[in-house]
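For the numbers below, each heavy atom of this structure counts, side chains included, while hydrogens, waters and symmetry mates do not. Here is the naming used below: chain letters follow the sequence lines, and residue numbers restart at 1 for every chain.
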Protein chains: 2
Amino acid sequence: MADPGSDKREAILNTALNLFVERGFYGTPTSLISKEAGVATGTLFFYFRTKEELIDTLYLRTKAGAAAAMRRGLEEEETTQGRLRLIWHNAVEWGVQNREKMQFMEQFAHSPFISKTARDEGLSRFSFLHEYVLQGIGEGVIRDYDPPLLLGVLASSLSSVIARVAEVNDPGLRDVIIEQGMDFVWNGIRLEGDPKDTKIRRSKEKR
Amino acid sequence: MADPGSDKREAILNTALNLFVERGFYGTPTSLISKEAGVATGTLFFYFRTKEELIDTLYLRTKAGAAAAMRRGLEEEETTQGRLRLIWHNAVEWGVQNREKMQFMEQFAHSPFISKTARDEGLSRFSFLHEYVLQGIGEGVIRDYDPPLLLGVLASSLSSVIARVAEVNDPGLRDVIIEQGMDFVWNGIRLEGDPKDTKIRRSKEKR
DNA sequence: TCGTAAATTGACTAGTCAGTCAATTGTTGC
DNA sequence: GCAACAATTGACTGACTAGTCAATTTACGA
């Protein structure tokens, strides 16, 4: 049984991630993946029946990793508001730390004719977010917008913020941008309360 | 001289747009494009030296069209705020009406190894937006965020809103979602003023 | 130490695709 | 009605690629 084990399988997945981000799915021949991973062509097809299965596997594990990262420390938060803010914070952190994986997911999400099954399964990992958004609406913490719209703008703002952060070198400016991104979405979705609310809460956050 | 003229050239571009959105750049062979467009293989390469040149051309003209649509009626708006709101409104309208072109641009933007030149030239069409954002910040109408961040979240929110609108059939709900999208970004970027500001202004808009 | 099965190899195949080019047709000015 | 050039055709090629498979190596339990 060598599903999770095997150095070679791991090497193939990691190499594939790098190459896909650099050159795209179609610009990356399986021969190149195996070569760079230091294995023979046949080995790749021993672990993954097709190239598509390799891509899907990579997508699913990456999404799962991202979802797990977003939930970090969630139990400790008491309020819905606190949880939403923590999720956002975790997401930005993860995205900044895993730029490649982020790019890969984006590329995948915007490619037509890439396994709808994998797409759906990947999305399902984020259903917990859906719950919190509904809860937030129910509690009157965030505006009563169409929930899929809310989830969509949150996700797209996230990747936008991460992309901008990646362009910036100065670490101080990076932090500023992360703050501004949080501000933007929070002001965009929160129902009311005085405008300073954001700033006060933020400075109380640990880390 | 057949640069803008020629039915065949036009047919190739239109067919290519459809096929690219349906099947992706690499999933669409030039042979299929010419076949569907009702021309011979050679004709495609008579008008476009390479497949990449075809893609770039399509991208540039699509971006140009989008930019033009966003500027519609801009001269008539007096205030920066009014202009920003009109641009957003135009953008949503165009995106909803041109879902395919929207998808195409998105696909293009997220593909690696697609001509950086075209990408940059496409972006330059939207420099006017940059101006208005700077002006808005200068006038204290919108928050003093990092301008590239602002442009990024605006663009990504836009495509998010349009994607969601496209999923919805009920025209009433569509309008609601468009309103909510506008609300979201406006609350996200506007500096202050009472929260009702948005609603009041919106109902005064014509159309 | 041996036998069996899993893991690994890489030369090979069958198919695909971007781009070519010599030949044909259409167009325009004279 | 013809010369010159532009537009159009489609069979063809050279390069490349996903996936195969028979042969070889490795791992390991008895």
Val176(B)/Asp146(A) under side chain to side chain contact (heavy atoms under 4.5 Å, CB included): CA gap, chis, key distance, verdict = CA-CA 9 Å; Val176(B) 169; Asp146(A) 175 58; over 6 Å; no
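Residue Phe48(B) contributes atom CZ, which lies 15 Å from atom P of dT20(C) at whole-angstrom precision. Across the protein-nucleic acid pair, Phe45(A) atom CZ and dT20(D) atom C1' stand 10 Å apart, rounded to whole Å. A straight line from OH of Tyr47(A) to C1' of dT20(D) spans 18 Å, rounded to a whole angstrom. Rounded to whole angstrom, the span from the CG atom of Leu54(A) across to the C1' atom of dG19(D) amounts to 13 Å. Atom pair Leu44(A):CG and dT20(D):C1' shows a separation of 13 Å (rounding to whole Å applied). Phe25(B) places its CZ atom 23 Å from the P atom of dT16(C), with the value rounded to the nearest Å. Rounded to whole Å, atom P of dT20(D) lies 15 Å from atom NZ of Lys51(A). dA5(C) atom P lies 14 Å from atom CZ of Phe46(A), rounded to whole Å.
When distances run from any side-chain atom of Thr43(B) to the nucleotides dT8(D), dG10(D), dT9(C), the shortest one goes to dT8(D). In this structure, the nucleotide among dA18(D), dG19(D), dA18(C) sitting nearest to the side chain of Thr30(A) is dA18(D). Closest to the side chain of Thr41(A), out of dA18(C), dT9(D), dG19(D), is dG19(D).
Where Ser31(A) and Gly42(A) meet DNA chain D, the nucleotide closest to each residue was compared, and Ser31(A) sits on the side nearer the 5' end.
A cation-pi arrangement is absent between Arg143(B) and Phe184(A), since the terminal nitrogen or guanidinium carbon is not both under 6.0 Å from the aromatic centre and inside a 45° cone about the axis.
In terms of modelled atom types and a separation under 3.5 Å, the side chain of Thr15(B) and the main chain of Ile33(B) share no donor-acceptor contact. The closest donor-acceptor contact from the side chain of Ser156(A) to the backbone of Ser160(B) lies at 3.5 Å or more, if one exists at all.
A sub-4.0 Å separation between OP1 or OP2 of dG10(D) and a side-chain N or O of Lys35(B) is absent.
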